[in-house]
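The block underneath contains the structure these notes are about, expressed in structure tokens.
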Amino acid sequence: MEFLAHISDDGRKQTVQEHLEGTAQLCSEFAAEFDAAEQGYLAGISHDIGKYTEAFQRRLYGGPKVDHATAGAIECANAGSGQAAVCVIGHHSGLPDLGNIRTDQPGDATFYGRIKKGLMGGIEPYKDNWSGKLPKTAPAPASARSGFSGAAWTRMLYSCLVDADYLDTERFMQPYKLSRGGYDGMERLLGKLEKHIEKWANPENEMNKYRWEILSECLRCGEKPKGIYTLTVPTGGGKTVSSMAFALRHAVAHGMKHIIYVIPYTSIIEQNAAVFKEILGEDNVLEHHSGKLYELEDASSPAQYRLAMATENWDMPVIVTTAVQFFESFYSNRSSKCRKLHNLANSVIIFDEAQMLPTCHLQPCVGAIAELVRHFGATAVLCTATQPVLGDIFKRFGWSENIPELCPGTQALYEKFRRVSFRNAGGLSNEMLAGELKNSRQVLCIVNSRRAAQEIYDMLPKEGAYHLSTLMYPAHRQRVLNEIRQRLKEGAVCRVLSTSLIEAGVDVDFPTVYREMAGLDSILQAAGRCNREGRRSSAESIVAIFESEYTSPLLIKDNIGAANEALAGGADPGLPETITKYFSSLRDIIGDGTDKAEVVKKFERGISGCMMPFDSVAQGFHMIDNNTKTVYIPLEEGAAIAEKLKSGFATREVYRKAGRYGVNAYDIQYRRLLDAGNIEPLDENSAVLVNMELYDKNTGLSLDCEQETGFFI
């Protein structure tokens with residue numbers, strides 16, 4: 001009997017042995033990046049041994065599902081690699097919790113439960129048809145055998161296996177449709193950047209001279225050894241191009257394969273990606289985040305097809321992505337998310353706006369960075385104007401060296417790049433604040449709650465008054481932002497009340513900004529909306545910090561406390577020493593609260609005797625708590641989209657477009673809308689608004705909602 005792994009749509013057949021050998025070769029190549037070629041080969045050559053059964057052969061023709069993974073896991077364990085065994089057993093279903101070898105029962109969903117079931121005859125016999133013998137492998141490095149580092153190593157090996165499995169299957173099933181590869185190498189990309197920046201080499205004004213010095217220093221630093229670095233550049237110093245210059249020179253110097261650019265805000269990914277595409281060419285840059293989806297069936301050119309496939313495994317030279325995508329993939333246990341992880345090995349990873357890493361997840365985030373650098377040949381750069389204090393956490397994960405600054409001379413440039421002056425406006429009631437705003441022709445006021453934004457907006461003269469919050473669906477906010485930019489350009493009256501969402505890299509330029517007291521990082525982000533283009537002097541560009549009549553939101557109470565400590569005695573918010581004091585104070589205040597999901601503890605100590613809880617950690621780790629439900633607003637294009645959703649025509653593309661017309665409501669608010677008959681549910685997590693009187697053309701959806709989050713990742 002010929003044992004097959006796959007049958008293509010046109011009737012071609014791939015034997016199990018052909019598929020095992022193809023997968024093993026690829027998996028070994030991928031794992032070689034972190035000196036695990038032998039373990040990679042073992043995982044690949046064994047993963048589908050369980051297809052050597054008559055039951056699986058019937059499955060190829062429509063028969064019932066068959067457990068074909070446990071057999072290969074048993075053989076890997078016999079060959080001396082428990083890590084490969086865990087990877088093989090989960091290559092379709094996901095990495096399981098390892099479990100407890102003593103107490104787990106046959107049939108439990110853990111690794112040990114599945115292995116015990118298989119050893120008791122719980123899988124189809126395969127040895128009657130498989131005559132191979134797996135090679136013994138060298139043991140995994142000591143760091144890979146247990147604990148946090150062991151989990152990271154196993155997950156990276158798993159990534160090698162599942163990507164190799166997908167790719168070998170893809171090559172067989174669709175040999176004529178493949179468009180992977182064909183990208184420029186790092187040396188060619190560096191050449192493109194060097195040619196692009198030639199025009200900046202002889203700057204004529206002082207500011208451009210400083211930017212050129214920063215850029216040149218980053219290029220020179222590219223020859224430095226692999227490791228962890230900071231790049232602290234004042235706002236306006238050109239850190240986007242400078243950081244990419246370092247990454248490209250560093251990649252060429254060390255033979256590195258990819259550059260991963262991690263950005264906290266979806267709102268600024270597009271502008272950064274556009275810069276990189278202009279310099280390096282669109283075919284070499286993948287923009288991968290929730291707002292940018294690629295469908296294979298919609299690809300109209302080989303380039304678009306490559307982009308769609310590159311989202312699966314990040315095999316392009318330059319990836320621009322979000323912190324959510326990056327860290328949630330690192331801690332995922334699902335094959336679809338883990339596929340890309342092995343391409344982080346031997347890569348340069350830039351963490352833009354590094355201060356925006358959520359404090360409640362600092363340990364797992366810093367731990368992931370440390371692991372990638374220590375054990376997988378990556379280089380990491382923490383890039384920001386407001387550098388967080390993370391050295392002690394890096395030491396917690398074995399990084400004992402000091403973290404050098406790529407451009408230490410930039411500390412003296414903060415005053416040179418200063419665009420604003422800060423003013424302490426003290427406590428202001430809503431009426432007092434509205435009065436001050438009325439005295440400014442063009443002014444932005446950022447508050448901490450959606451209620452405050454609405455109430456103060458209602459006190460302003462309607463001419464040129466605008467409101468922005470997440471109670472407005474994204475397409476509505478974008479339209480309002482376009483109007484705001486146009487009025488600013490024309491010099492017309494423009495007074496804007498906004499929640500913190502406008503701080504997320506939104507490109508607007510006001511002569512005056514009012515910011516309700518918040519974390520110092522938020523205050524400085526708000527300052528970035530004042531005199532953004534540098535057309536005015538810093539003396540006439542005022543950022544006023546005020547205390548409102550509202551109680552501080554619980555979500556940012558620690559940040560406000562740290563900011564008050566840092567600003568005590570009239571300290572200048574824009575100075576590097578103030579910023580350092582703020583982050584140090586914040587760390588003191590939050591104490592041990594840097595691992596909300598207890599990711600590190602669970603991998604180091606297990607959960608109630610269950611070791612290596614891959615599945616449990618993946619289920620519990622979320623960069624942003626998603627305790628909201630979505631209300632779709634049937635206005636503009638959203639009306640037709642809502643009808644499609646209600647009729648059950650809910651493709652991924654429809655849901656992507658629907659996101660432009662969705663407003664998030666907390667559970668209690670959603671329940672009130674539902675109980676009053678104001679929304680029509682689609683499923684347990686979403687509904688369509690039917691009472692259109694609740695949606696105001698100026699302020700959005702009417703909700704009794706206090707807290708606003710501007711942390712868009």
Side-chain angles (χ1 to χ4, degrees), residues 33 163 179-197 215 218-219 221-222 226 229 231 238-266 268-294 301-326 329-330 339-354 369 372 376-383 406:
E33 293 290 347
D163 193 32
S179 301
R180 291 187 185 271
Y183 314 119
D184 290 332
M186 288 296 167
E187 289 189 8
R188 183 170 175 78
L189 294 180
L190 177 60
K192 287 185 175 184
L193 179 132
E194 290 174 336
K195 183 174 180 59
H196 181 85
I197 65 176
L215 175 57
C218 284
L219 277 169
C221 287
K226 290 183 176 183
Y229 297 93
L231 175 58
K239 66 181 173 64
T240 299
V241 176
S242 295
S243 57
M244 180 57 72
F246 166 81
L248 286 169
R249 177 66 64 83
H250 194 69
V252 170
H254 297 284
M256 303 171 84
K257 293 188 174 182
H258 306 281
I259 295 169
I260 318 293
Y261 211 94
V262 184
I263 300 175
Y265 307 125
T266 53
I268 60 174
I269 278 190
E270 291 184 1
Q271 63 195 51
N272 282 18
V275 171
F276 299 148
K277 289 174 184 177
E278 178 187 358
I279 298 172
L280 307 176
E282 291 195 11
D283 291 354
N284 295 307
V285 179
L286 173 66
E287 185 182 343
H288 190 198
H289 54 88
S290 61
K292 191 83 172 179
L293 299 178
Y294 302 88
S301 68
Q304 287 183 325
Y305 197 78
R306 282 197 298 273
L307 284 170
M309 290 195 295
T311 62
E312 299 171 344
N313 67 349
W314 285 5
D315 64 352
M316 286 185 73
V318 178
I319 309 294
V320 187
T321 190
T322 61
V324 162
Q325 178 81 244
F326 184 91
S329 293
F330 188 87
R339 264 187 85 174
K340 62 179 80 77
L341 295 183
H342 72 89
N343 278 323
L344 302 179
N346 197 27
S347 294
V348 187
I349 310 173
I350 310 290
F351 295 92
D352 192 26
E353 304 293 354
I369 298 169
L372 289 167
F376 301 100
T379 284
V381 180
L382 306 175
C383 181
L406 293 177

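Because the structure is predicted, anything quoted here is derived from the model rather than measured.
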- Query: Can you tell me if Ser243 and Tyr261 form a side-chain donor-acceptor pair at under 3.5 Å?
  - Reply: yes
- Message: Rounded to the nearest 0.5 Å, what separates atom OG1 in Thr379 from atom CD1 in Ile350?
- Response: 9.0 Å
- Output the distance between atom CZ (Phe246) and atom OH (Tyr229), rounded to the nearest 0.5 Å. 6.0 Å
- Charged N to carboxylate O below 4.0 Å: is that the case for Glu353 and Lys239? yes
- In terms of heavy-atom contacts, does CD of Glu282 have more than 12 from other residues, nucleotides or ligands at under 6.0 Å? no
- Sorted by chain and number, sequence neighbours left out, salt bridge (Lys or Arg N to Asp or Glu O under 4.0 Å) with Lys340 holds for none
- Query: Quick one: does Asp315's side chain have a donor or acceptor within less than 3.5 Å of a partner on Asn343's backbone?
  - Reply: no
- Item | Spatial distance of atom CD1 (Ile263) from atom CD1 (Ile269) [nearest 0.5 Å] | 5.0 Å
- Message: Looking only at side-chain N and O atoms, does His288 offer a donor or acceptor that is under 3.5 Å from a partner on Trp314?
- Response: yes
- Item | Side chain to side chain, Val318 and Asn284, heavy atoms closer than 4.5 Å | no
- Separation between OG of Ser242 and CG of Leu215, rounded to the nearest 0.5 Å: 4.5 Å
- NZ/Lys257: more than 12 non-hydrogen atoms of other groups inside 6.0 Å: no
- Item | Pro317 versus Leu189, closest heavy-atom pair with distance | CB-CD1, 3.7 Å
- Note on the structure: Of all heavy-atom pairs linking Met186 and Met256, the shortest is CG-O, 3.5 Å
- Do you know which two heavy atoms are closest between Arg249 and Gly222, and how far apart they sit? CG-CA, 3.6 Å
- Query: Would you call His258 and Ile319 a side-chain contact if the rule is heavy atoms closer than 4.5 Å?
  - Reply: no
- State the CG-CZ distance between Leu341 and Phe376, to the nearest 0.5 angstrom. 9.5 Å
- Query: Tell me, do Phe330 and Leu372 make a side-chain contact under 4.5 Å, heavy atoms counted?
  - Reply: yes
- Mind checking the CG-CG spacing from Asn313 to Asp163? Nearest 0.5 Å is all I need. 4.5 Å
- Minimum heavy-atom distance Ala345-Glu33, with the two atoms named: CB-CB, 4.1 Å
- Between Gly255 and Asn346, the two heavy atoms sitting closest are O-ND2, 3.2 Å
- Closest heavy-atom pair, Leu280 versus Lys192, reported as atoms and distance to 0.1 Å, is O-NZ, 3.2 Å
- Query: Is the closest side-chain heavy-atom distance between Ile369 and Ile349 below 4.5 Å?
  - Reply: no
